[in-house]
Amino acid sequence: MLSMECDPYPRHFFERSPDVVAFDLIGSHLVVRRGSHTTYALIVETEAYGGSDDPASHSFRGPTPRSEVMFGPAGVLYVYRSYGIHWCVNVVTGMVGLAGAVLLRGAEIVDRSEELAGPESDAVVLRGPGNLSRGLGITDADNHLDCCQSSQGRIAFCGGLQDVARDRIGRTPRLGISKGVERVSRYFLIGHRAVSGSRIQNVTSA
DNA sequence: ACCACGATGCACT
DNA sequence: GTGCATCGTGGTT
């Protein structure tokens with residue numbers, strides 16, 4: 001069992017462009033606390049949305065009841081329903097007024113203080129945004145949750161045990177979208193089993 | 001009020 | 001590779 005102490009990333013970590021944050025989150029940890037249980041997940045795949053002029057972003061047409069959180073302070077969770085089934089977990093980036101977010105698409109649970117529910121591989125490898133939210137128990141109840149409050153916050157981001165070398169991070173266009181397909185804003189740890197998409201997409205170097 | 005469709009994932013062929 | 005479950009959102013009527 002790992003002993004993982006870490007300070008949550010401060011708000012200014014997220015007050016940058018979504019692409020920079022998406023890149024820097026690869027190899028970082030997501031910490032989810034519920035009661036006495038704490039789960040640590042290594043982030044291995046992200047996508048950047050928003051900034052200026054991104055037709056694939058929910059912020060593209062200005063704030064709506066769903067997307068207004070993307071226009072607010074950075075470091076806050078944006079959770080929305082996808083295909084009527086899955087939850088997608090984002091963290092808001094950028095400065096107030098310039099909407100942006102990073103979608104969490106892949107992670108591996110590296111430490112948790114509770115019993116595994118099912119076959120270990122199923123519960124540990126969180127491949128795809130729907131599996132990631134389900135495996136960590138994140139739902140719309142966590143929408144608007146501030147991840148920069150304090151080390152006692154329910155969900156926080158913190159640094160990895162060691163830095164990931166830049167040449168181990170791949171970069172491709174984003175998956176599953178029909179607009180803004182040319183933008184290269186998907187980042188992932190090359191070869192990691194929790195990275196979604198085809199094998200080719202999983203070995204393309206940055 | 002209506003309706004097309006989506007930042008998906010899984011079962012099945 | 002194809003089909004489909006399942007529903008909130010937002011653009012349109």
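The sequence lines fix the lettering, A, B, ..., with proteins before strands; numbering per chain opens at 1.
Taking a 4.0 Å limit (strictly below) on heavy-atom distances, residues 176-185 of chain A does not reach DNA chain C anywhere.
Applying the salt bridge (Lys or Arg N to Asp or Glu O under 4.0 Å) criterion to A:Asp54, with sequence neighbours excluded, gives A:Arg174, A:Arg183. With sequence neighbours left out, A:Arg66 forms a salt bridge (Lys or Arg N to Asp or Glu O under 4.0 Å) with no residue at all. Scored by the side-chain hydrogen bond (donor to acceptor under 3.5 Å, both in side chains) test, A:Tyr187 finds A:Asp19, A:Arg171 as partners (sequence neighbours excluded). With sequence neighbours left out, the salt bridge (Lys or Arg N to Asp or Glu O under 4.0 Å) criterion links A:Glu15 to no other residue. Legend: residues meeting ring pair (Phe, Tyr, Trp, His ring centres under 6.0 Å) with A:Phe157, ordered by chain and number and at least two apart, are A:Phe14. With sequence neighbours left out, A:Arg154 forms a salt bridge (Lys or Arg N to Asp or Glu O under 4.0 Å) with A:Asp142. Annotation: side-chain hydrogen bond (donor to acceptor under 3.5 Å, both in side chains) contacts of A:Tyr80 (sequence neighbours excluded): none.
Extent of DNA chain B lying under 4.0 Å from chain A heavy atoms, first and last nucleotide in 5' to 3' order, is B:dG6 to B:dC10.
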Each base of DNA chain C marked ( ) or [ ] if paired in-strand (Watson-Crick or G-U under 3.5 Å), | if paired to another strand and . if unpaired gives |||||.||||||.

In B/S/- notation (B base, S sugar-phosphate only, - none; protein heavy atoms under 4.0 Å), nucleotides 4-13 of chain C written 5' to 3' is -BBB-SSS--

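A donor-acceptor contact closer than 3.5 angstrom links the side chains of A:His58 and A:Tyr78. Inspection of the A:Arg127 and A:Ser196 side chains reveals no N or O donor paired with an N or O acceptor under 3.5 Å.
Listed by first and then second residue, the salt bridge (Lys or Arg N to Asp or Glu O under 4.0 Å) pairs involving residues 80-98 of chain A amount to none (not counting sequence neighbours).
With hydrogens and angles ignored, the 3.5 Å screen pairs a side-chain donor or acceptor of A:His192 with a backbone N or O of A:Ala194.
Using a 4.0 Å heavy-atom criterion, one finds that A:Asn90 contacts the bases of the nucleic acid, with or without backbone contacts as well.
For the pair A:Arg11 and A:Phe13, the cation-pi criterion (under 6.0 Å, within 45° of the ring axis) is not fulfilled.
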